[in-house]
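Input: a single structure, listed below in structure tokens.
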Number of protein chains: 2
Amino acid sequence: MAKGPTVYHVAERAGVSIATVSFTFRQPDKVKASTRELVLAAAEELGYVPSASARGLARGRTGALGLFAYDYLLDPADGIRGDGQDPHEPAAADLERRNEDLRLFPLYVDEVQRGVELECWRRGQALLVGGGNPENNEAVLSDIAGRVDGLAVFPRSVPSEALARIARRIPVVEISESVHNRELDHVTVDNVSGVRAITEHLIAAHGLSELMFLGGMPSSDNDERLAGFLGALSDAGLPNTREPKYPCGSEQSVTEVVRAICEQGSLPDAFVCATDQDALVVMDALAAAGVNVPRDVAVTGFDGIAAGRVIRPSLTTVRQPMEQMGRTMVDLLLDRLDHPDKPPAAIRLPVRVILRESCGCQPG
Amino acid sequence: MAKGPTVYHVAERAGVSIATVSFTFRQPDKVKASTRELVLAAAEELGYVPSASARGLARGRTGALGLFAYDYLLDPADGIRGDGQDPHEPAAADLERRNEDLRLFPLYVDEVQRGVELECWRRGQALLVGGGNPENNEAVLSDIAGRVDGLAVFPRSVPSEALARIARRIPVVEISESVHNRELDHVTVDNVSGVRAITEHLIAAHGLSELMFLGGMPSSDNDERLAGFLGALSDAGLPNTREPKYPCGSEQSVTEVVRAICEQGSLPDAFVCATDQDALVVMDALAAAGVNVPRDVAVTGFDGIAAGRVIRPSLTTVRQPMEQMGRTMVDLLLDRLDHPDKPPAAIRLPVRVILRESCGCQPG
DNA sequence: TTGAAAGCGCTAACAT
DNA sequence: ATGTTAGCGCTTTCAA
């Protein structure tokens, strides 16, 4: 029992060759029914479980895909735990609070991951998941890379040199961030139309005119969202009066921006945020400043994370088809395996505006 | 580029033997510094990524662990999608609604999974995740089994014969459900103390006396929780007036039980529920019947899922250390690999009562 | 329809 | 300190 039965054991037991055992499992029709029964029975009795390592080696394919995501709970600054003590007692207070704050809902990443999982299982692929803090990032990543036929990654979850290296060996698909690496396959959403539509809604349905785009690190997604915003403004003949305030880098947090605006008493009519998480932060900051949403100012997000449905006021947003994006990543990977030489694909999925309370609507 | 560089290529390029290449990666100290540089450089230039299949085969260990969980979104009854149509357009309305209902928060499974992930990455183990609907369950499961050194499973996520078979070959650890299979390692929590404590709280702090235990499928966890409940009652000298009403099987849903009670106008002082999810259902049913919590009746849960913090009234519950449970599963697995002959372990982790609004307390 | 045999890429004795 | 070599368990021609 130490080492587990192999094809050899099964073959011996069934009185056939190892090739026949292999055939029985991979191409059951190629063996006579009676032989098949024999082999299957032997395998059953022995508790035979094929070794994926051996199979992978022999076939040159592992039959597994990988997913690598950053862990938004692990702050790069302070690593995975508060102290290096007992690995099982995470610096409780601190970590707990973080969990309370951030882990409330399935976020963007989780929902995409779910899509990846479901599609992998459906297509008979094993799925390896990786992640973690920047310290062991690369180790985990290249370990995974050696185990899979293709890799799905979230942007920035891994240094781009490491990614490039891996992409030389196996197909890699990146979600969003379409500009980042033009050699890779990508799946994105229609950021421009989404933000354009939600902005138009604010203007047309609520008669708002002084809108401010806010949030996020610069990224190609956010650039596109901003473009959609500006497009809607100009279509409506409105000036972008808040021009200097959009995508703020890390040196100026969203919270601080909002606080400053509140203190100056110079609220816009609406904050059009680059992501739902930004919008949540904005709403928190507004609440802290005693500003009422949507009465005093409207707020919109982008993503459609679950939290937006639950908070009060509920968040008007642009929903990305996250599960489908995950599934599409798997599609692309599997497709790429069969067609290594196709030009890089950039699938762009549609989005949907979801009107809730934070813009001033009163959803049913 | 088609097949990717191997040790042989690296060795040739660096002008050393393949063994030296191997050593360079596995035991860097065993090779002269200069040689090491040489090899590393060659590997870098070639874009070498070690094949985990080959390594696994040679070493007799894959270096990966598996996690298998049921997917609570996939109803066994109707499978993964409403129609068998386009795999990318899940029967939208239906699936969406489910997501709205169930996918609001990270549930028990998610939080445990998170612990497993973090611990795996920390310990340098790759992680394979499996799940899915009952149809491809077994296929996915045995596929995973062939790829890993050990497997963590949620109870009932897989037929027990299949599990037994796998357990013959690799260590398997089950979370909770300690009675189910006594050969396997288990990690559980102190269900009895938890429910006892929360029940005592209802009695002592709120002066309630007619309590009703409710919910869940029968399971060893729920049995223990019920035992804690009954223990607290008898300690307090209270009769279990609601005896016939506890763990209701599938033939009588929790919702129906609550509705019936409301219609009869025979509310107890409190519903002590077997899980948070049961408690949420109970609270929904009560709300639908116009019953106010906690004024008319108190409700408590068990688990400590995030949703309980967010709903109103917030849910008084017993929190399981879910992340830690996941980490512990990994511990057990890794430990078992080194000590195959140790007797089966059953780690029981402590729980914590969390007082919130649904019992009548006024937290924070 | 089945068997024989040559690898797949790497590790780990064992030699040198 | 490094090289030689024999597998690890399976797939897959090619023969029989």
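By convention in this document, chain letters (A, B, ...) are assigned in the order of the sequence lines, proteins followed by strands, and residues within each chain are numbered from 1.
At a threshold of 4.0 angstrom between heavy atoms, the contacts of A:Val21 with the nucleic acid are absent. Contacts of B:Tyr48 with the nucleic acid, taken as non-hydrogen atoms under 4.0 Å apart, involve only primed sugar atoms and P, OP1 or OP2. If you check every strand for non-hydrogen atoms under 4.0 Å, A:Thr35 touches sugar and phosphate atoms only.
Checking C:dG9, C:dT11, C:dT2 against every side-chain atom of B:Thr6, the shortest atom distance belongs to C:dG9.
A:Arg13 places no side-chain N or O within 3.5 Å of a backbone atom of A:Leu38 that could act as its donor or acceptor partner.
Distances shown here put every side-chain N or O of B:Arg59 at or beyond 4.0 Å from the OP1 or OP2 atom of C:dT11. Contact check, A:Thr20 against C:dG3: a side-chain N or O comes under 4.0 Å of OP1 or OP2.
B:Asp341 meets the salt bridge (charged side-chain N to carboxylate O under 4.0 Å, His left out) test with no other residue; sequence neighbours excluded.
Whole-Å rounding puts the B:His9 NE2 to C:dC8 P distance at 10 Å. One can place CZ of B:Phe23 at 9 Å from C1' of C:dA13, the figure rounded to the nearest angstrom. The nearest whole Å value for the distance from the CD atom in A:Glu12 to the C1' atom in C:dG3 is 16 Å.
Taking the side chain as every heavy atom from C-beta outward, B:Ser176 and B:Pro155 approach each other to under 4.5 Å. Contact check for B:Leu141 versus B:Ile166: side-chain heavy atoms found under the 4.5 Å cut-off. Proximity of B:Glu44 to B:Leu40: side-chain heavy atoms (C-beta onward) are nowhere separated by under 4.5 Å.
Between A:Arg36 and A:Ile18, the residue anchored nearer the 5' end of DNA chain C, judged by the nucleotide with its closest heavy atom, is A:Arg36. Of the two residues near DNA chain D, B:Val16 and A:Ser22, the one whose nearest nucleotide lies more 5' is B:Val16. Positionally, the nearest nucleotide of DNA chain D for B:Asp29 lies more toward the 5' end than for the other of B:Ala54 and B:Asp29.
A nucleotide of DNA chain D counts as in contact with chain B when one of its atoms lies under 4.0 Å from a heavy atom; the first and last such, 5' to 3', are D:dA1 to D:dG9.
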Distance-only check: which donor-acceptor pairs under 3.5 Å involve side-chain atoms of residues 23-30 of chain A, not counting sequence neighbours?
| residue | atom | partner | partner atom | Å |
| --- | --- | --- | --- | --- |
| A:Thr24 | OG1 | A:Thr20 | O | 2.7 |

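Only one option out of A:Leu334, A:Leu333, A:Leu65, A:Val148 pairs with A:Pro171 in a side-chain contact (heavy atoms from CB on, under 4.5 Å); it is A:Leu333.
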